[in-house]
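Ligands are counted one by one from 1 in listed order, and the atoms in each one are counted from 1 as well.
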Amino acid sequence: MSEQKSEHKPRVLSGVQPTGNLHLGNYLGAIRNFVALQESHECLYCVVDLHAITVFQDPAELAANTREVAAAFIAAGVDPKNHIVFNQAQVPHHAELAWVLNCVARMGWLNRMTQFKEKAGKDREKASVGLYVYPNLMAADILLYQATHVPVGEDQKQHLELARDIAQKFNNDFNAEGFFPQPEPLIQGPATRVMSLRDGTKKMSKSDPSDLSRITMLDSADEIAKKIRKAKTDPDVLPAHEGALEGRPEAANLLGIYAALAEQSVSAAVGQFAGQQFSALKEALAELAIAKIAPIGDEMRRLNADPGAVDAILADGAERARALAEPVMADVRKLVGFLGG
Ligand code: AQP
């Protein structure tokens with residue numbers, strides 16, 4: 001064993017699926033926090049292509065979307081030299097550890113996962129087996145690097161809790177107290193769950209059939225302005241205090257997005273627009289969203305025009321990720337009782 005640790009160095013890991021239509025929810029719920037954490041932590045940011053294929057992906061689109069997510073990380077401010085940016089498939093240890101964790105996690109635990117129920121829908125028999133065990137792969141992503149902190153949106157909270165249970169059970173089963181840390185979710189900021197612009201009760205999502213439901217990171221200034229102008233509202237003026245957002249999902253969503261982009265609290269945003277019409281909020285929000293998102297989109301387009309450069313960043317990141325993963329995986333193999341080096 002290289003080390004039997006009970007104290008782990010703070011290390012951040014998170015991932016984004018290359019499934020296209022990267023949106024404002026992905027940015028505010030995850031990617032923006034990735035950037036901030038670089039100041040204080042050693043960070044690994046992963047384009048989770050193995051996760052993406054739990055739902056069929058066109059191979060050419062998967063490759064293009066993988067580069068696009070990497071470009072989004074970098075354009076948003078992730079530094080791939082001082083930290084690690086890579087795609088999961090280039091580090092085979094993720095799949096190897098996921099198999100071990102498939103044998104640690106219990107069916108009953110996975111049966112409680114709400115994301116599987118939502119994504120599989122009514123026709124559960126036709127969902128891939130990969131979609132069902134998706135949370136075990138996510139646990140493997142985190143535990144492979146003995147990561148201590150995981151910045152994610154609110155929707156991933158349940159999967160993080162499962163990763164903690166899996167870590168605990170592995171440590172107990174193999175008499176390896178403290179081997180895997182208990183990873184902490186970092187669900188931060190006023191927009192941890194950005195909602196659809198067409199329906200404030202539904203999460204903004206890549207797969208929503210309506211393009212008007214989301215602002216994507218590649219939208220032009222005109223598209224951002226149009227989508228905000230067309231965003232659903234309710235008939236009242238904006239409330240005077242935060243408590244009055246209860247039961248007003250569209251107002252809560254637009255003010256939450258505004259607060260996140262303006263880097264202020266929701267109550268400050270509520271105070272700024274108290275008693276005003278939605279049109280005033282929409283005008284200010286469009287201006288702010290264009291100022292914050294359009295430059296990232298421009299930089300993504302510049303990076304997308306040079307796929308060789310992005311591929312080189314991913315290959316370099318994968319090499320450094322493999323170097324971190326191999327000793328942990330070697331310990332796992334020994335703990336489990338697998339023969340070999
Ligand atoms: N609406 C959201 N608000 C805040 N955070 C969000 N995240 C996703 N949607 C929102 C966070 O973004 C990170 C990457 O997510 P992902 O790529 O793993 O995919 P996802 O959660 O499946 O994204 P979508 O858009 O919701 O895809 P579909 O349409 O397939 O369901 C995660 O940290 C996530 O929390």
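- When each of Asn87, Leu22, Thr19 is paired with Val69, the side chain to side chain contact (heavy atoms under 4.5 Å, CB included) condition holds for Leu22 and for no other.
- Annotation for ligand 1: atoms under 4.0 Å from non-hydrogen atoms of Gly29 are 4 (C), 5 (N).
- Gln115 and Gln156 are linked by a side-chain donor-acceptor pair at a separation below 3.5 angstrom, with hydrogens and angles left out of the test.
- Among protein heavy atoms, atom 14 (C) of ligand 1 sits closest to Asn26 ND2, 3.7 Å.
- Ionic pairing of Lys203 and Glu154 is not present here: no N-O contact between side-chain nitrogen and carboxylate oxygen is shorter than 4.0 angstrom.
- Proximity of Met195 to ligand 1, defined as any heavy-atom pair under 4.0 Å, is not found for any part of the residue.
- With respect to atom 28 (P) of ligand 1, the closest heavy atom belonging to the protein is Ser207 OG, 3.5 Å.
- Contact annotation for Glu154 and ligand 1: no heavy atom of the residue comes within less than 4.0 Å of the ligand.
- For atom 22 (O) of ligand 1, the closest non-hydrogen atom of the protein is Lys119 NZ, 2.9 Å.
- Every heavy atom of Thr19 sits 4.0 Å or more from the atoms of ligand 1.
- For ligand 1, the atoms lying closer than 4.0 Å to a non-hydrogen atom of Ala30 are 12 (O), 13 (C), 33 (O).
- Nearest to atom 34 (C) of ligand 1 among the protein's heavy atoms is Asp155 OD1, 3.4 Å.
- Residues Phe170 and Leu143 have side chains not in contact (no heavy-atom distance under 4.5 Å, counting atoms from C-beta outward).
- Taking the six-membered ring for Trp and thresholds of 30 and 60 degrees, Tyr134 and His159 have ring planes inclined between 30 and 60 degrees apart.
- Taking every heavy atom of Val16 and a limit of under 4.0 angstrom, the matching atoms of ligand 1 come to 14 (C), 17 (O).
- The backbone N or O of Asn26 sits nowhere less than 3.5 Å from a side-chain atom of Lys206 that would complete a donor-acceptor pair.
- At most 12 non-hydrogen atoms from other residues, nucleotides or ligands lie less than 6.0 angstrom from NZ of Lys226.
- Near Thr192, meaning under 4.0 Å from any of its heavy atoms, are these atoms of ligand 1: 3 (N), 4 (C), 5 (N).
- In this structure, atom 5 (N) of ligand 1 lies nearest to the protein heavy atom Gly25 O, 3.1 Å.
- No side-chain donor from either of Asn82 and Gln38 sits under 3.5 Å from a side-chain acceptor of the other.
- Among protein heavy atoms, the minimum distance from atom 33 (O) of ligand 1 is reached at Gly153 N, 3.2 Å.
- Of all protein heavy atoms, the one lying nearest to atom 26 (O) of ligand 1 is Lys203 NZ, 2.4 Å.
- Taking the six-membered ring for Trp, Phe179 and Phe174 have ring centres at least 6.0 Å apart.
- Within ligand 1, the atoms closer than 4.0 Å to a non-hydrogen atom of Lys206 are 16 (P), 17 (O), 19 (O), 23 (O), 24 (P), 25 (O), 27 (O), 29 (O), numbered from 1 in the order shown.
- Distances shorter than 4.0 angstrom do not occur between any heavy atom of His51 and any atom of ligand 1.
- Remark: distances from the non-hydrogen atoms of Arg214 to ligand 1 are all 4.0 Å or more.
- In terms of protein heavy atoms, atom 1 (N) of ligand 1 is closest to Val194 O, 2.8 Å.
- At most 12 heavy atoms of other shown residues, nucleotides or ligands fall within 6.0 angstrom of atom CD in Glu319.
- In this structure, the ring of Tyr145 has its center less than 6.0 angstrom from the ring center of His94.
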